[in-house]
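Every chain is numbered from 1, with letters handed out A, B, ... down the list of sequences. Just so it is clear, the structure is predicted and the values come from calculations on it, not from any experiment.
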There are 2 protein chains.
Amino acid sequence: MSSATRLPATASDPDPSRRNNLALIATLVHHHGVLSRAELTRRTGLNRSTVGTLVGQLVALGLVYEAAPSGEAQVGRPSPDVRPDPSTAALAVNPEVDAVTIGLVSLGGKVQKKIRFATERIPTAKEAVNIAAAVIVGMRSELDASYRIVGIGLAVPGLVNRADGVVRHAPHLGWRDEPVARMLGEATGYPCLADNDASLGAEAELIFGAGAGRGNLVYLNGGASGIGGGVIADGALLRGSAGYAGELGHTFVRTAGQICHCGASGCLETEVSQSRLFDLAGLGGGDASQLEAALRSKASAELAAEVARQLGYLGITLRNAVNTFNPDAIVLDGFLGILHALSPDTLDGLIRTQALDEAAGRARIYRAALGSDLMMIGAAELAFTRLLADPAGITALPAPPAKVR
Amino acid sequence: MSSATRLPATASDPDPSRRNNLALIATLVHHHGVLSRAELTRRTGLNRSTVGTLVGQLVALGLVYEAAPSGEAQVGRPSPDVRPDPSTAALAVNPEVDAVTIGLVSLGGKVQKKIRFATERIPTAKEAVNIAAAVIVGMRSELDASYRIVGIGLAVPGLVNRADGVVRHAPHLGWRDEPVARMLGEATGYPCLADNDASLGAEAELIFGAGAGRGNLVYLNGGASGIGGGVIADGALLRGSAGYAGELGHTFVRTAGQICHCGASGCLETEVSQSRLFDLAGLGGGDASQLEAALRSKASAELAAEVARQLGYLGITLRNAVNTFNPDAIVLDGFLGILHALSPDTLDGLIRTQALDEAAGRARIYRAALGSDLMMIGAAELAFTRLLADPAGITALPAPPAKVR
DNA sequence: AGCATTTTGTTCTGCGCACAAACATATTAG
DNA sequence: CTAATATGTTTGTGCGCAGAACAAAATGCT
């Protein structure tokens, strides 16, 4: 027997019931931002006294703090506001073809800092990790002074195995089998997790964005790195057998279409692409806002036709998605959001007429509004999800900094 | 205050922890058929003594019985087998365009009885309910002697709201907004639930069929009533906002395809149809086995070409499904299963070359083997799921019959 | 201004449930 | 026939939640 045998029955596994209830309350507060204790008792169905104990424990853990009530004055003793403690925070990293963005997100989903580090060329995995590590190590002392960092989340445009944080294949970055989570974890000393960017975008939209409170949401993001998809089905992120589910960018939309880099033909991602719009608009490699302005003003016949063509293919994907997922909301981000904003009725009309009426239901199409903050929030959720699943497990982490609020 | 005010704090809501554990064990036994008590402790992680108490309670409830061990002899005191009590059973009803099938399924998923009642023409909802009710009432005394019926499950080829048991739209049956669950419940006195047939088929396959033990499964059934789809994602049936998710029969597979009854064009269901195969094979309205024989023997060039064409479109649907769901298994039922069986490598090759390599993973395509038993099992699961979620709630039901095993 | 009403926080007690330990039992190995 | 092993059974302990009684802090009515 090794000397480490027979650990004392640590408090690391308290009654599952308590862990569950702690997680429930912590998650509610994280998602809603403010919630009175009375509201917590109503939403959880737990007893007043129990909620009191649980909130007290979360306060002691530094996940939550109580403050004077801010809500409407009502008859009866006022119930204190419970808010997520912003000094508990996570780091977010999002490598793209032309930049690596690093952010600091506090519990409750507020982006406190965001640094976009532009790169000359497409970064390799090693380069992206080095950039992120350098930025993080650089602000480490500042972080330690004001925050307790619970981990790092990586949002990668590609197929990612969430379980081990390995990027199996990111075609637009040219990465294959890169253990980015481990690499960044070792470089910084923080626990690190990774997942597909669009999946994380879907989660962020579900919690803080257009889909707030809904259980069924389809998120599609169009960017320089093609089209990524993420799906929330019945309240949970769709993962699939190995975590590669939700690749709606490779939905079949056209018979005898172009050959996609994935090997098939007629994929959404090949028929609908940002670069073609940039070319036709006479823009070199500008950003999204320039594209939107160009599309709105000088609508050459050729450009208008291309927009219509792309909207048609996007409509086919949405029709499939509606029939497949019966969602409450569809959220379009990036240039797909721009296309939709140009004529909001087009796509809506397509799903009304082309999808099954019942499946379309009252589903609406939204344009994502959080921009690049969304990726930061989604990536940070990776770390927060782990934290919120077992709030008492936080004791292993460094002590929280002195409170300055 | 009415006299009924203030019910005694009934045992109907015991500690959620206990309900949960009871449900866990009952479900394990139902799914596996036989499980030693020792295995139950291992799988649940619960304490020996706890499992003992729980199994005892389930025995008292009549959901389970213990018997002499049947497994391999091993060192140590033998652990008794725990088996689902087959005298606890559910009724299953599956209306189709040419028949109504009624079945009796016992806990553990064994189909004890099955009656197919052929109809001259497509039954209306009222007719289907009347047929089912007549059959059920007819065998009522026989049932009461040997079984405790926990409810009825309806598997309907169409869009069904599982929550209230209303068939929103079953195009092939010509039903709209038919509250079939309520109708059959009132006609028989049994609690009654309804859902889409393919969704229930997917559940049945997951539990007892080719997908046993997997968490991600795509099920496609081709029959006289078109093509239905059901998806198990991350261990749970995909429902969507109103329960209409999984309609893979309306996946887009062809540009400028035929107009579907759903209003769109190029749907899988219009391009791939059983009746076209029957026509080309020179069969009037035979059954599936005749079709399979015909396809295997006299393969006219025309028929072969049609088979190839349909396989191509089916392949597109599977490619989309793989990219969307990253499943462990794809299960094809009905004539889709026949098409696949004719040349098993065709579809497999299509998803290997056309879908994303990573998403395809080690996914395999299976042909469903349970035939019409599958629908009975799936429908019965509707009643069993409710039962298993709160085994102690069974006390409201009639007492179990005297045991004859 | 004061009192009733309402709502919620707080404290204390009891109960149910799961676990662990000690003991009993039934099998295989030698 | 004995040792070893695995499992069922019994008993005691502790934890966490619910509920009741009480305290506190607001509104609203007179």
Side-chain angles (χ1 to χ4, degrees), chain A residues 6-26 34-61 64-82 390-392, chain B residues 6-25 34-60 64-82 390-392:
Chain A
R6 189 152 144 60
L7 302 167
T10 38
S12 68
D13 190 15
D15 222 312
S17 153
R18 175 134 121 247
R19 183 173 59 234
N20 206 51
N21 288 337
L22 275 178
L24 180 59
I25 290 189
V34 201
L35 234 40
S36 77
R37 243 160 86 172
E39 275 167 41
L40 283 172
T41 64
R42 280 188 290 269
R43 299 213 192 205
T44 59
L46 295 168
N47 192 284
R48 283 215 293 277
S49 51
T50 308
V51 172
T53 317
L54 293 168
V55 170
Q57 201 162 345
L58 290 176
V59 169
L61 288 166
V64 137
Y65 69 94
E66 290 186 287
S70 65
E72 295 292 282
Q74 295 191 15
V75 191
R77 176 172 175 172
S79 194
D81 280 356
V82 181
D390 181 16
Chain B
R6 189 152 144 60
L7 302 167
T10 38
S12 66
D13 191 14
D15 221 308
S17 149
R18 169 108 143 262
R19 183 173 58 232
N20 207 50
N21 289 338
L22 275 178
L24 180 59
I25 290 190
V34 202
L35 235 38
S36 77
R37 242 161 87 172
E39 275 167 41
L40 283 172
T41 64
R42 279 188 290 270
R43 299 212 191 207
T44 59
L46 294 169
N47 192 283
R48 280 216 296 277
S49 50
T50 308
V51 172
T53 318
L54 292 169
V55 170
Q57 201 163 345
L58 289 176
V59 170
V64 137
Y65 71 92
E66 290 186 287
S70 64
E72 295 292 281
Q74 295 191 13
V75 192
R77 176 171 175 173
S79 193
D81 280 355
V82 182
D390 182 16

key: Rounded interatomic separation in angstrom, taking CZ from R48(A) and C1' from dT10(C)   = 9 Å
key: Donor on one side chain, acceptor on other, S49(B) and N47(B), under 3.5 Å   = yes
inquiry  = Nearest 0.5 angstrom please: L54(B) CG to T41(B) OG1, how far?
reply    = 11.5 Å
task = To the nearest Å, give me how far apart CZ (R19(A)) and P (dC17(D)) are.
result = 12 Å
key: 5' precedence on DNA chain C between L46(B) and P78(B) (nearest-nucleotide basis)   = L46(B)
key: dC17(C) phosphate, OP1 or OP2, under 4.0 Å from S17(A) side-chain N/O   = no
task = Would you indicate, yes or no, if dT7(C) has its OP1 or OP2 atom less than 4.0 angstrom from a side-chain nitrogen or oxygen of S79(A)?
result = no
message = Show me the pairs that pass salt bridge (charged side-chain N to carboxylate O under 4.0 Å, His left out) and involve residues 37-61 of chain A, at least two apart or across chains.
response = R37(A)-E66(A)
key: Short side-chain N/O contact from R77(A) to OP1 or OP2 of dG9(C), under 4.0 Å   = no
ask   = Does the side chain of N47(A) get closer than 4.0 angstrom to OP1 or OP2 of dC17(D) through an N or O atom?
value = no
Rounded distance (Å) that lies between atom P of dG28(D) and atom CD of E72(A) = 12 Å
message = Side chains of S36(A) and D81(A): any donor to acceptor distance under 3.5 Å?
response = no
Protein-nucleotide distance (D81(B), atom CG; dT7(D), atom P), rounded to Å = 13 Å
inquiry  = Nearest whole Å is fine: how far is dC15(C) P from R18(B) CZ?
reply    = 16 Å
ask   = To the nearest Å, how far apart are L24(A) CG and dC17(D) P?
value = 11 Å
key: Spacing of D15(A) atom CG and L22(A) atom CG [to the nearest 0.5 Å]   = 11.0 Å
message = Let's test your reading of the model: under 3.5 Å, does the base of dA20(C) pair with the side chain of S49(B) as donor and acceptor?
response = yes
key: Selection from dC17(C), dT27(C), dC15(D) that lies nearest to any side-chain heavy atom of D15(A)   = dC15(D)
inquiry  = How long is the straight-line distance from OG1 of T44(A) back to CG of L24(A), given to the nearest 0.5 Å?
reply    = 6.0 Å
Check nucleotides 1-4 of chain D for protein N or O atoms closer than 3.5 Å to its own N or O atoms and list the pairs.
none

query = Any side-chain N or O of N21(B) less than 4.0 Å from the OP1 or OP2 oxygen of dC17(C)?
reply = no
query = Atom CD of Q57(B) to atom P of dG16(C): distance rounded to whole Å?
reply = 13 Å
request  = Using atom types as modelled and distance alone, determine if a side-chain donor or acceptor of T50(B) lies under 3.5 Å from a backbone N or O of L46(B).
outcome  = no
message = The test is side chain to side chain contact (heavy atoms under 4.5 Å, CB included); show your working for V82(A) and V34(A) and say whether it passes.
response = CA-CA 6 Å; V82(A) 181; V34(A) 201; over 6 Å; no
task = Rounded to the nearest 0.5 Å, what's the gap from CD1 on I25(A) to CG on L40(A)? Could you check?
result = 5.5 Å
ask   = Between P69(A) and S79(A), what is the shortest heavy-atom contact and its length?
value = CB-O, 3.4 Å
query = Under a 4.0 Å heavy-atom cut-off, which of residues 35-42 of chain B touch DNA chain C?
reply = none
